[in-house]
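Naming convention: chains lettered A, B, ... in sequence-line order (proteins, then strands); numbering from 1 in each chain. Scope of the values below: all heavy atoms of this structure, side chains included, with no hydrogens, waters or symmetry mates.
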Protein chains: 2
Amino acid sequence: MAKVLSKNHPLLTDDIYESIKSLLMDHVILPGERVSIDALARDLKVSQTPIREALARLEADELVVRKPLTGYSATQVLTFKELLDLYEFRFLNEQKAIELATKKLTIDGEKKLKAELATVKKIPPGSKYKAYRFVSEHDARFHQLIFQLSGNSFMESAFLKTHCHLHLFRLSPTTSEVRNLALKEHGDIVKAMASRDIKLARTAMLTHLVNSRERILPFLLEMP
Amino acid sequence: MAKVLSKNHPLLTDDIYESIKSLLMDHVILPGERVSIDALARDLKVSQTPIREALARLEADELVVRKPLTGYSATQVLTFKELLDLYEFRFLNEQKAIELATKKLTIDGEKKLKAELATVKKIPPGSKYKAYRFVSEHDARFHQLIFQLSGNSFMESAFLKTHCHLHLFRLSPTTSEVRNLALKEHGDIVKAMASRDIKLARTAMLTHLVNSRERILPFLLEMP
DNA sequence: TTACGAAAAATCCTATACGATAAAACGTAT
DNA sequence: ATACGTTTTATCGTATAGGATTTTTCGTAA
């Protein structure tokens, strides 16, 4: 019996892809844990095909790894060195992105930035985990928006595929307050961009990233 | 009837992935052309499953695009703006990569670079197309090697996923001589790295990339 | 000749069956 | 108690059927 395709879900695989990514994000699937195609198909109530397609894409994203005749498993959390490498990549590309974005910033772009800032004016009530996830999602959107405004699609998709917010979230899923410091820094970044001061914008971004790395590092040091 | 897995083919999907990528590279599948799952399964003599998995990965690579209820089709060749964006990305990341690689270059790394140079000491006889593809493959390996030597796996895989040599090859698959000029520039790059002169190495890389872009541009300008 | 509409073909998307392999559980012997 | 070998289980990889949708083809009318 074929499943009817709703207009809201033109591609089942896309939904499944996002679902599995959420499972990884939320530690429902733990780092290193095996990811069974059969089990996922049963749990998500779909056939194996969309699961396989989603996992193939996640493999390309390096969020899962595949071992021949054994199956998929979730990627391990970042090592110390990998975290430093990730931030080195971000320093380089996000400074360039904000430079480009500031250079060609329109009124509309400015509006979008401020609208994104506004989404976290007040954090919704709920568990610390929920609040942290909320801020983390804003962070992901904010940084991606700057890449969008840079106008370079290659840089944008390269950044997207680092999945840095997912990696960082998996490192420290329980913390809460410290992360909110980032919100002020986001404001500083937008202010610098709005003033069309490229050098200031670069500095604001670098400061934000350096601080972000410092906030994460302690969580990594107390790991095995 | 299930197919027996040979030891040389631990993951059929990987082979299929490479096969389809070659079809795109060699214009057997033209830019914009539809990519039928059924047809590929018939032609490559495998079931649909590995085809679907390979296409899902190629979609993540942005080498094919998927339209709901219509299927996959090959990505269009780069527009003028996209080509400039691609090179902007390369300027930024490859200069950083060569800086890192030069900084930590070992004797072994130096050997690998020279070995890669040696692979194109003499271009094998055959059609112009063959020769061009041969040089193009060396070019891909050479640039990837520098990312490897940089030690930053995020930057390496970000570069890998731009698939720049595939994009560029699709733009100008018929040319020949001009491309060989790049070989001398590769030599200059290795020489600069071997002398551990970081600034010189950066310059050599930038020069190479700028020239490479200039060599490609004419082909793009005469396109629709 | 061109435009429009209906029928036919091709294709996608899902579901499911089955053989082959690897991982895990279990029992026995040392 | 531990190590080893066998059996059981779980999972992968492939193949194939069938419904739903889109694209193409073909015929008719203006």
Would you say D:dA15 has OP1 or OP2 under 4.0 Å from some side-chain N or O of B:Ser47?
yes
Check whether B:Glu94 reaches the backbone of B:Arg90 with its side chain - one donor and one acceptor, N or O, closer than 3.5 Å.
no
Can you sort out the partners of A:Phe147 under ring pair (Phe, Tyr, Trp, His ring centres under 6.0 Å), two or more places apart, ordered by chain and number?
A:Phe159
Test salt bridge (Lys or Arg N to Asp or Glu O under 4.0 Å) applied to [X] - qualifying residues, sequence neighbours left out:
X	answer
B:Glu156	none
A:Glu110	A:Lys114, A:Arg196
A:Lys67	none
A:Glu53	B:Arg52, B:Arg66

Starting at atom [atom1] of [X], determine the distance to atom [atom2] of [N], rounded to an integer number of angstrom.
X	N	atom1	atom2	value
A:Leu55	D:dC12	CG	P	9 Å
B:Ile51	C:dC13	CD1	P	14 Å
A:Leu40	D:dA10	CG	C1'	15 Å

Protein and nucleotides 9-12 of chain C: nitrogen or oxygen contacts under 3.5 angstrom:
from: C:dC12; atom 1: OP1; to: B:Ile37; atom 2: N; distance (Å): 3.0

